[in-house]
Every structure is written in structure tokens, then in C-alpha cells.
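Input: a single structure, listed below in C-alpha cells.
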Amino acid sequence: MTGNPTASAIPSMMRALQLLLYDGHPESLSLVSKPVPQPRAGEVLVRVGVAPVNPSDLMFLRGLYGQKKRLPVVPGFEGSGDVVAAGGGLYARALVGRRV
């Protein structure tokens with residue numbers, strides 16, 4: 001999506017790949033529907049267009065990258081897309097409509 005979308009263009013639900021166990025097995029990942037988060041002050045909401053899978057992501061899926069997060073968790077360290085909403089703050093609002 002390009003340009004400056006309106007709030008009505010933001011869906012209420014999103015799809016996410018969720019990690020259920022730190023065992024590295026494909027069966028431990030599940031595609032789920034989750035509510036789209038609402039950005040808080042100083043935060044932005046990014047509509048992700050591309051998210052690579054890097055060695056750090058593969059290590060995280062096996063529980064071997066830094067601290068383990070409480071499960072279930074949506075994994076991923078990188079991504080790019082468009083800022084579609086801001087939770088407040090001058091800098092965050094200035095990013096709406098930009099590709100990041």
C-alpha cells in the first residue's frame with residue numbers, strides 16, 4: 001500500500017505465524033488470526049510487505065538466540081513495509097505513509 005491510508009483501510013484482524021514450542025520443528029509454527037495492535041504514544045503500525053528469514057530467526061525458533069520469550073510468540077527480527085498509523089507524538093505522526 002502506498003500513500004496515506006485512512007484509518008478505515010486498516011483491518012481489525014491480521015494473520016501471523018505463531019511459535020508454540022522452541023523445538024525447531026515446522027509443526028511448532030501455526031498460522032493464526034490476531035487483532036491488529038493499536039500503536040501507543042511514540043509507536044507506529046507497519047503494514048509488513050516483506051519479512052526475510054535470517055539465521056538469527058532460525059536460531060530463535062530453536063530457542064538458541066538470546067533469551068526465550070514467553071510462548072506463544074510471533075517470531076521475526078526484520079521486515080519492511082508502510083507505516084499506516086501512529087499512536088501519537090510528532091515523529092511517529094510524521095512517519096505515516098512512509099516506507100520503512
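The main-chain N or O of His25 is found under 3.5 Å from a side-chain atom of Asp23 such that the two form a donor-acceptor pair. Although no hydrogens or angles enter the test, the distance criterion places a donor-acceptor pair under 3.5 Å between the side chain of Tyr22 and the main chain of Lys69.
Cluster membership check: Val32 does not share its hydrophobic cluster with Met13, using side-chain heavy-atom separations under 4.5 Å among Ile, Leu, Val, Met, Phe, Trp and Tyr. No continuous path of hydrophobic side-chain contacts links Leu21 to Leu19 [ILVMFWY only; heavy atoms under 4.5 Å]. Hydrophobic clustering (ILVMFWY, side-chain heavy atoms < 4.5 Å, transitive): Leu31 and Met14 are in distinct clusters. Connection of Val48 to Leu17 is not established within any shared hydrophobic cluster, with ILVMFWY side chains joined at heavy-atom distances below 4.5 Å, either directly or through further cluster members. Cluster annotation: Val73 and Leu61 are assigned to the same hydrophobic cluster (Ile/Leu/Val/Met/Phe/Trp/Tyr, side-chain heavy-atom contacts under 4.5 Å, transitive).
Under the 4.5 Å side-chain criterion, counting only non-hydrogen atoms from C-beta, Pro11 is in contact with Arg47. Contact of the Val44 side chain with the Arg98 side chain is not registered, since no non-hydrogen atoms from C-beta on lie closer than 4.5 Å. With a 4.5 Å cut-off on side-chain heavy atoms, Asp57 and Pro75 do not count as touching.
Not a single salt bridge (charged side-chain N to carboxylate O under 4.0 Å, His left out) links Glu78 to another residue, sequence neighbours left out.
Taking the six-membered ring where the residue is Trp, Phe77 and Phe60 present perpendicular rings, their angle passing 60° and hence far from 30°.
For Pro39 against Ala86, the heavy-atom pair with the smallest separation is CG-C, 3.9 Å. Minimum heavy-atom separation, Ala16 to Val74: CB-CG2, 3.9 Å. Here the closest heavy-atom approach between residue Leu71 and residue Leu20 is recorded as CD1-O, 3.2 Å.
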